[in-house]
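A quick write-up on the structure given underneath.
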Amino acid sequence: MLTLDQVYPVSNSRLTAFKKSPKHLIHYLTEPKEQTPAMAFGVAFHAYLLEPVPFMSRFAIAPNVDRRTKEGKLEYDKFVYEAEDKTIISQSDYNKIQEMTDAIRSNTIAGELISNLIKTELDCRWINEDTGIEMRGIIDGIGIDYIIDIKTCQDAHPMKFGRDAVNMNYHRQAAIYLDSHPERKNYDYYLIAIERDAPYGCSVNQITEEAINSGRKQYIDMLIEYHTWIENGMPESGYEYWHYNGVFELNLPTWKKLEEL
């Protein structure tokens, strides 16, 4: 059985898991989370881009040595020992991080947004005014009247990224972060998309007020349901939680019906 300390505060990632099913949320909250190389790369990239000064105090760049040889293994082991608690990233990943950062900063709009940030990597907690539920989120960057969110992706073309952003419910995340403080509620919200591979295309995408309002309604409705689930004893239900009798109808979409006429 989960405790209240485990289910609160509520974050966007917790709502994402809960939206699938309570069982997915329970798994998310209770299973150990191992940091994959992709996750370590993402953390390092955000740190290098947004907080470059303390970067080398948190990360260590692995030497290019042949660890199959005795000399190479000794050199690498010495490096790991001296790195202590730092996160280790490869030289190739470090080079990519530098190139991705250069691509963002060379984009006139993205570069200006990042250069004018007042706060970065802000870990904040607040009480949602509509539900009284404690919330938590880590905001990439806050300017004088805007928030930025850095998103790595395969394709930063505005049309492709726009579709992906909707599917990933980035507008819901934006509404959550904008509601983290009364002063931020009417800020502009920008998604800076950067491709993971050369030539590292970059696009700046502003979420519209209509999309923000839709995301706000979505997350508040989910918070209410989240609270109801907790009040009901946090049952370990699967997908059936979201259907009154647990059976989902599978019908042909309109385009498929027309195709078969």
Side-chain angles (χ1 to χ4, degrees), residues 12-13 35-66 75-76 79-80 82-124 137-168 170-171 173-174 177 184 187-207:
N12 182 61
S13 56
Q35 189 177 60
T36 64
M39 291 169 61
F41 177 87
V43 171
F45 169 63
H46 273 70
Y48 188 85
L49 174 67
L50 299 171
E51 299 183 321
V53 174
F55 179 84
M56 297 311 295
S57 66
R58 296 174 54 194
F59 299 89
I61 316 304
N64 284 323
V65 295
D66 187 351
E75 183 179 347
Y76 188 82
F79 159 77
V80 171
E82 293 176 345
E84 298 184 89
D85 296 328
K86 296 179 181 180
T87 299
I88 296 173
I89 59 175
S90 67
Q91 183 66 55
S92 61
D93 277 351
Y94 181 59
N95 293 341
K96 176 174 282 196
I97 286 170
Q98 290 179 309
E99 290 169 353
M100 290 170 66
T101 298
D102 289 344
I104 287 181
R105 292 192 175 277
S106 65
N107 179 295
T108 305
I109 300 172
E112 183 176 356
L113 288 171
I114 291 175
S115 296
N116 291 324
L117 291 176
I118 298 171
K119 298 177 182 178
T120 57
E121 299 285 287
L122 180 64
D123 188 342
C124 50
I138 300 177
I139 302 175
D140 283 349
I142 301 177
I144 191 170
D145 58 359
Y146 63 90
I147 290 176
I148 67 162
D149 198 349
I150 309 297
K151 300 295 187 184
T152 60
C153 58
Q154 289 297 321
D155 190 343
H157 188 285
M159 291 186 65
K160 174 64 167 62
F161 179 76
R163 291 192 296 269
D164 292 342
V166 171
N167 291 333
M168 295 293 288
Y170 289 159
H171 60 303
Q173 181 183 38
Y177 288 171
R184 302 174 191 140
Y187 278 15
D188 292 331
Y189 197 100
Y190 298 96
L191 297 170
I192 299 178
I194 177 70
E195 294 170 356
R196 301 186 192 96
D197 299 306
Y200 308 110
C202 173
S203 65
V204 179
N205 309 268
Q206 183 177 357
I207 302 183

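The figures here come from the full heavy-atom set of this structure, side chains too, leaving out hydrogens, waters and symmetry mates.
Proximity of Y200 to D102: side-chain heavy atoms (C-beta onward) are nowhere separated by under 4.5 Å. Side-chain contact between Y189 and Y170: absent, with no pair of heavy atoms (C-beta onward) separated by less than 4.5 Å. Here the side chains of K151 and I192 are not in contact, with every heavy-atom distance at 4.5 Å or above. Counting heavy atoms from C-beta on, the side chains of R196 and F41 never come closer than 4.5 Å.
In this structure, Y48 has its ring center no closer than 6.0 Å to that of F45.
A distance-only check finds a donor-acceptor pair linking the side chain of Y187 to the backbone of I144 [under 3.5 Å]. R58 places no side-chain N or O within donor-acceptor distance of the main-chain N or O of A44, the cut-off being under 3.5 Å.
Listed here is the closest heavy atom pair of S203 and A156: OG-O, 2.6 Å. Here the closest heavy-atom approach between residue E195 and residue H157 is recorded as OE2-N, 4.2 Å. For the residue pair S57 and P54, the shortest heavy atom distance occurs at OG-O, 2.5 Å.
The distance from the CG atom of L50 to the OG1 atom of T101 is 8.5 Å, given to the nearest 0.5 Å. Here OH of Y177 is found 7.0 Å from CD1 of I138. Values are rounded to the nearest 0.5 Å. Of the inter-residue distances, the one linking L191 atom CG with I148 atom CD1 reads 10.0 Å to the nearest 0.5 angstrom. Expressed to the nearest 0.5 Å, how far CE of M100 lies from CG of D197 amounts to 8.5 Å. Rounded to the nearest 0.5 angstrom, C153 SG and M168 CE are separated by 11.0 Å. Between atom OH of residue Y190 and atom CD1 of residue I150 there is a gap of 13.0 Å, rounded to the nearest 0.5 Å.
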Distance-only check: which donor-acceptor pairs under 3.5 Å involve side-chain atoms of residues 109-117, not counting sequence neighbours?
from : atom 1 : to   : atom 2 : distance (Å)
S115 : OG     : G111 : O      : 2.8
N116 : ND2    : E112 : O      : 3.1

What pairs of donor and acceptor atoms, side-chain ones from residues 83-92 against any protein atom, are under 3.5 angstrom apart with sequence neighbours left out?
from : atom 1 : to  : atom 2 : distance (Å)
K86  : NZ     : M56 : O      : 3.1
S90  : OG     : S92 : OG     : 3.1
S90  : OG     : D93 : N      : 3.1
Q91  : NE2    : N95 : OD1    : 3.0

- Item | side-chain contact (heavy atoms from CB on, under 4.5 Å) assessment of R184 paired with I139 | CA-CA 12 Å; R184 302 174 191 140; I139 302 175; 4.3 Å; yes

